[in-house]
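First the structure, in the form of structure tokens, and then the observations on it.
Position 1 is the first residue of the sequence, and the numbers go up from there. Since we're looking at a predicted model, the values are computed, not measured. As the structure lists them, so they are numbered: ligands from 1, and atoms in each ligand from 1. Worth knowing before you read on, the calculation uses all heavy atoms, side chains too, and leaves out hydrogens, waters and symmetry mates.
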Amino acid sequence: MDTSFASRLGIEHPLIQAPMSGSTPPALVAAVSNAGALGSLGAGYLEPAAILEQAAQIRALGDRPYAIGLFVLPDEFEADMAAVAKAREQLDALMAREGLDVRTSLPPRWAPRFSEQFAALCEARPAVAMFAFGVIAPAQLRELHRRGIYVIGTATTVAEACAWADAGADAVSMQGAEAGGHRGTFLHEAEDAMIGLFALLPLTVQAMAGYAREVPVIAAGGIMDGRGMLAAEALGAAASQLGTAFLGCPECSAAEAWKRDLPRAGEHQVTTIRGFSGRAARGLHNRFVEAMPQATGLPYPVLNALTAPLQRAAAEAGRGDLLSEWCGQAAGLVRPQPAAELVARLMHEYRLARRSLAH
Ligand SMILES: Cc1cc2nc3c(=O)[nH]c(=O)nc-3n(C[C@H](O)[C@H](O)[C@H](O)COP(=O)(O)O)c2cc1C
């Protein structure tokens, strides 16, 4: 196995547990990192103080290399308040129909300010910073490098990978159409950037070969076991990034109803959804998705902020059918087990698959 990416980061395995905002608490990140892979804190929804607090918890649990993932967004958002009022009516009516005793409210801000999250990330100084939804500014990239932080940019097309490589990212994480959670797309319409990983990986590897420096390509989307990791490597990936596979871990903070629904998810039930957040994301087609196909056309993060309290209430009530049950297309292959065991199992399977193909 090509361990150059792993050794550059000081980790044992070329395996990344994806940052999954809202579902990757310090216990999960630390367990993965302590097992020799790269744990990642999905900090997209966290205020700066919470980023610093959770980073300290991760360090206290093992002090191994780990990543923090952020969403690249403007600091302020203008919302169409007439559309917000209409959306609130629709969402509140749905909650009433479903018997959930919760209603929308106006949040103090639509999302944490990216510039403040970024400052907290710099202060926390993880080994790796990961970004999605856009490219950071040159001064921000320089600041991360000055602090010795390795930068991974998320891309869903070759053009986006080149944008990150041009900006100076150390590696690109290619998010195939199979991937769970929000699409990282920032140069195209989400619908135009649904490229399967089998096409996306070799195309990107070829494009990155045109750069004077080495830009490792990371594979993300639908990888659930060691066979998938080997397939990604065969297509030129330097590491595999798995999200959904880690949702089944007891350390993961995803709602129990969501965890329960994952192994039963048929691949045809995993669709692209805008109704929870205003941004295209992959997850289970459930009752909420049925009722709110485009939920009012509000953009991200406005709709995301409006549905957040509803999500919390649905989780508490055990209503998986009203939750954003993000997952990749291969969710049916999820194996609930402690994160350290999953890392060891993935690497064991990877080695077995490699040996069996060699014969
Ligand atoms: C529940 C969930 C939340 C996610 N949140 C983030 C996030 O906060 N930041 C990010 O860069 N990617 C996020 N992703 C996408 C992952 O980084 C990765 O691309 C994806 O999980 C790979 O596909 P897989 O889920 O099939 O393994 C999320 C994915 C899931 C399933």
Ligand 1 contact by Phe246, heavy-atom criterion under 4.0 angstrom: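 Contact check Phe246 vs ligand 1: negative.
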contact_flag Phe131 ligand 1 heavy-atom lt 4.0 Å: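 No, that is not the case, since the closest heavy atom of the residue is not under 4.0 Å from the ligand.
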Identify the closest protein heavy atom to [atom]: which residue and atom is it, and at what distance?
atom	value
atom 15 (C) of ligand 1	Gly180 O, 3.4 Å
atom 22 (C) of ligand 1	Gly221 N, 3.5 Å
atom 24 (P) of ligand 1	Thr244 OG1, 3.5 Å
atom 21 (O) of ligand 1	Gly243 CA, 3.3 Å
atom 8 (O) of ligand 1	Ser21 OG, 2.6 Å
atom 26 (O) of ligand 1	Gly222 N, 2.8 Å
atom 16 (C) of ligand 1	Ala18 CB, 3.5 Å

Lys/Arg cation over aromatic Phe133: Arg279, 6.0 Å, 45° cone: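 Pair Arg279/Phe133 counts as cation-pi.
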[atom]: which of [options] has the nearest heavy atom?
atom	options	value
atom 19 (O) of ligand 1	Met20, Gln175, Glu325	Gln175
atom 12 (N) of ligand 1	Gly228, Gly181, Gly44, Pro19	Pro19
atom 17 (O) of ligand 1	Arg183, Glu178, Gln241	Gln241

Given 3.5 Å as the limit, does a donor-acceptor pair link the side chain of [X] with the main chain of [Y], or not?
X	Y	value
Asn34	Ala30	yes
Arg282	Val270	yes
Gln117	Gly44	yes
Lys259	Pro336	no
Ser33	Pro65	yes

Of all the atoms in ligand 1, which lie at a distance below 4.0 Å from a heavy atom belonging to [X]?
X	result
Ala132	11 (O)
Trp326	1 (C)
Trp258	1 (C)

N or O pair under 3.5 Å between Gly42 and ligand 1: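 By distance alone, the answer is no.
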Ion pair check, Glu349 and Arg227, cut-off under 4.0 Å: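 Between Arg227 and Glu349 there is no salt bridge, as every charged N stays at least 4.0 Å from the carboxylate O atoms.
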Ionic contact status for Glu76 with Arg113, cut-off 4.0 Å: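 Salt bridge flag = yes for Glu76 with Arg113.
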Which segment of Ala179 sits under 4.0 Å of ligand 1 when only heavy atoms are counted: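 It is both backbone and side chain that touch ligand 1.
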Would you confirm whether the ring centroid of [Y] sits within less than 6.0 angstrom of the ring centroid of [X]?
X	Y	answer
Phe288	Phe276	yes
Tyr45	Phe71	yes
Tyr350	His13	no

